[in-house]
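Convention: sequence-line order gives letters A, B, ...; per-chain numbering from 1.
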Amino acid sequence: MSAELLENLNPEQSDAVTHHDGPLLILAGPGSGKTRVITRRVAWLLHNGIHPSRILAITFTNKAAQEMRDRVEALVPQAKVHISTFHAFGARLLREYGSHFGQERNFTVYDMDDREKLLKIAIEDAGLAPSASNVNSFGAAISKAKNQLITPELFENSVHDYFTQCAAKVFPRYQKRLRESNACDFDDLLYVPALALQKDKDLRSQLDNRWHYTLVDEYQDTNKAQYAIARELNLDHPNICVVGDPDQSIYRFRGSDIRNILDFERDYPAARVIKLGENYRSTRNILAVADALITHNTERKPKPLVTNNQEGKPVRITLHESGDQEAESVAQKIADAVEAKRWFYRDFAVFVRTNALTRSLESAFIQARVPFQIVKGLAFFERKENKDILAYLRLMSNPRDDVAYLRIVNEPARNIGKKTLDTLAQFATAKGMSLLEASRRASLVAGLRPGAVKALVDFSRMMDDLRSQIDQPPASAVTSVLDKSGYRKALSESGLSEDQERLANIEEMITVAAQYAATTPEANIQGFLENVALSSSIDGYNKDQDCVSVMTLHAAKGLEFPVVFMVAMEEGILPSAFALPSGQGDMTNSKEIEEERRLAFVGMTRAMKELYLSHCQERSFRGVTRYALPSRFLAELARARASIETVDRQAPRQRISHDYENEPDPHEWFGEGNEPGTKPPRPVSHSAPAFPGSPSFVKKRVPEPIKIPTGPSLLAADPTHTPRVSPPAFKEGNTVRHQTYGIGLVMELSGMGALRKIKIRFQTAGIRSFILDKAQLELVVKGRS
DNA sequence: TGGATAGATTTTTTT
DNA sequence: AATCTATCCA
């Protein structure tokens, strides 16, 4: 039986799987079979008589946790090992043991949105004025502090400038508001249990004794709070096995500290260290390139990448003219390869540094008819209607959740306006009540209109009624909310097709809730809410669908694909402008650059057979086009030049027109200039140096479009322009065709003149809005007028 | 109170 | 370029 567990393992992997007691550090390079080793190790422990309830396995994402659960289950059926993310584990500790330190069991997990709302209130509590930027920076400072287990008191002691002084005022007030709302933000899920474990010795030893074997994956990405939790649970039974790769540490911005893995041997002197060096994933060429890159990191123990794999194709570096062409080229290449039956769509992945870069890829794929999925946060739960319904569920499960209350108290409209709520909030704060509790006693609040009192009391009665059904399954709870809140009524009566769609989305959520209940033993509303709150972007990734995957480099961690494209390898993008000396980062710039380099390394080492890196001459961002310099990382690959081929896909240079700046090409703003030879020539020599020079963008010298009178007669009188038919007057309800997104329905028109906007719901691409003058739209069917 | 419009804002990455 | 937000008006 146990021989099966050691099948297809090399000696090091086998050692790691069968290591018995004591701390174990597994340094696992990319593609070295790390996941296989962890799952086999869990199975091996079970086979050696360790009770499943004694084993705790921590992964980085829910997806990884689910995969590991499935794999362990396949090896050892019925094994009930606790496998979860750090955050889910923290939430579980809080629910089970929170009463030891005053945390209620039914707390709500606040997402970024909720956090922001509560933070605004806390900033006001501190006598400051919330603004978009300070909410952000206070939020970041507080989050950073909690990740490092810095309490408000400690924070206060380290105040060193005006900003931290203000943050020190906001921090305790924010925590107080969280506790009053019986809520935890993401950071609290680690911070609160970590502090509790450090403070409460009895609790600590009780929990240490509960899990005798701990496994932590992606250990290089743990922050101080996560480190502390792992540490405190492994003092009496130090059978802790951590797996990671310092070269793949990419979450510094979230407080992760690479020292946790580098210092493991210091923290656990008895530690055994096993290195999994052989790479089974990538070709020799891909590894040569990845190795050439990562060697440039200085704060690193040298670690060669070795493989017995074939040499494979050279890694290709392509220079394109523009971001759009780059995207088109990627789409075309994929379409061709699938056409030639060399690969399936699902074999391809495109990695980007920032989510914004997915836009041009999206339209290129649509035009090339290449099926794709953008692996992003679950947009489904971000929809307003779904967030509203979730807020009802939250208020049902936690009546003190003021953020949820504020979200839905007037949704659907109940004539409860801002003034009423301000008065109510004042009362609630003074009495130390939740808003829902205060609503119940609205008649005691001075200064409320009788109508307002009634509306508030009615709302609180409705919520009390819903709360009495807190034990029903999540799916039927959604239905109850829909009916009792009047939400369904409001949507179905509105007559807008948009609202029908909303209703359909909520129906979809009933399905999601039912699915959750079907796969979870002790399903309840609270668990459903937690599941939603802690779901991550990669959880939406579906590897069974035959389509190209587009995702950020961060989301790519832990995955592998036969063919990988990494686009926009440009200074300011990868490495990000934030990591550059001129950027906004702190003084530790080289640390930031090193992390960007690791990010590039993670991307490259996802590739099994083919790797394509590209950058372009110019890139449009937020409506401005600039020259882009090739990423310094491309230059750093020089050592592996034998494994690289470079391609220049720019159009042949045009002759320089002496005064093109004063004679802008009319095609520029009529959007017809796609035929070769009609583009204005670009300045050649005095612009971008060929390879990394100054790490900043050079502004492109694009002729400023001259304002042209838009009257038809004037246009016709101008001999350089063909008369232009005035754009069709679109109306709401029209069916239109967009050049990229295809057929859609006009939902809304707004604004005037050049800025007139149109909002369209597409059959496939969802709802989007455009500037009417710029979008290329064609009327297909006139709707009813 | 909501709707429309003009004006400001985008700050990498995410549990 | 597109989206979010503050402000004005019906």
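- The phosphate of B/dT13 (OP1 or OP2) has no side-chain N or O of A/Ser576 nearer than 4.0 angstrom.
- The CG atom of A/Asp113 sits 11 Å away from the P atom of C/dC4 (whole-angstrom rounding).
- With sequence neighbours left out, the side chain to side chain contact (heavy atoms under 4.5 Å, CB included) criterion links A/Asn136 to no other residue.
- Rounding to whole angstrom units, CZ of residue A/Arg626 and P of C/dA1 are separated by 15 Å.
- In this entry the distance linking CG of A/Asp188 with C1' of B/dT14 reads 17 Å, nearest Å.
- Nearest to the side chain of A/Phe578, among B/dT11, B/dT13, B/dT15, sits B/dT11.
- Between A/Arg254 and A/Arg414, the one whose closest nucleotide on DNA chain B sits nearer the 5' end is A/Arg414.
- Between A/Phe351 atom CZ and B/dT13 atom P there is a gap of 16 Å when expressed in whole angstrom units.
- Whole-Å rounding puts the A/Leu357 CG to B/dT13 P distance at 9 Å.
- For A/Tyr405 and A/Phe459, the distance between ring centers is under 6.0 angstrom.
- The CD1 atom of A/Ile58 sits 13 Å away from the C1' atom of B/dT15 (whole-angstrom rounding).
- Regarding A/Met112, its CE atom lies at a distance of 12 Å from the P atom of B/dT11, rounded to whole Å.
- Rounded to whole angstrom, the span from the CZ atom of A/Phe621 across to the C1' atom of C/dA2 amounts to 12 Å.
- For A/Ser256, the side chain to side chain contact (heavy atoms under 4.5 Å, CB included) partners are A/Asp221, A/Ser249, A/Tyr251, not counting sequence neighbours.
- Contact annotation for A/Asn355: backbone-only contact, meaning every heavy-atom pair under 4.0 Å involves sugar-phosphate atoms and none involves a base.
- Using modelled atom types, one finds no donor on one side chain facing an acceptor on the other under 3.5 Å when comparing A/Asp324 with A/Ser360.
- Listed candidates were B/dT11, B/dG2, B/dT14. Nearest to the side chain of A/Ala413 is B/dG2.
- The A/Phe186 side chain lies nearest to B/dT15 when the options are B/dT15, B/dT1, B/dT11.
- Within the nucleic acid shown, A/Phe86 has no heavy atom closer than 4.0 Å to any nucleic acid atom.
- By the 4.5 Å heavy-atom criterion applied to side chains, A/Val352 and A/Val567 are counted as neighbours.
- Nearest to the side chain of A/Arg359, among B/dT14, B/dT1, C/dT3, sits C/dT3.
- Side-chain atoms of A/His554 lie closest to B/dT13 of the nucleotides B/dT13, B/dT1, B/dT15.
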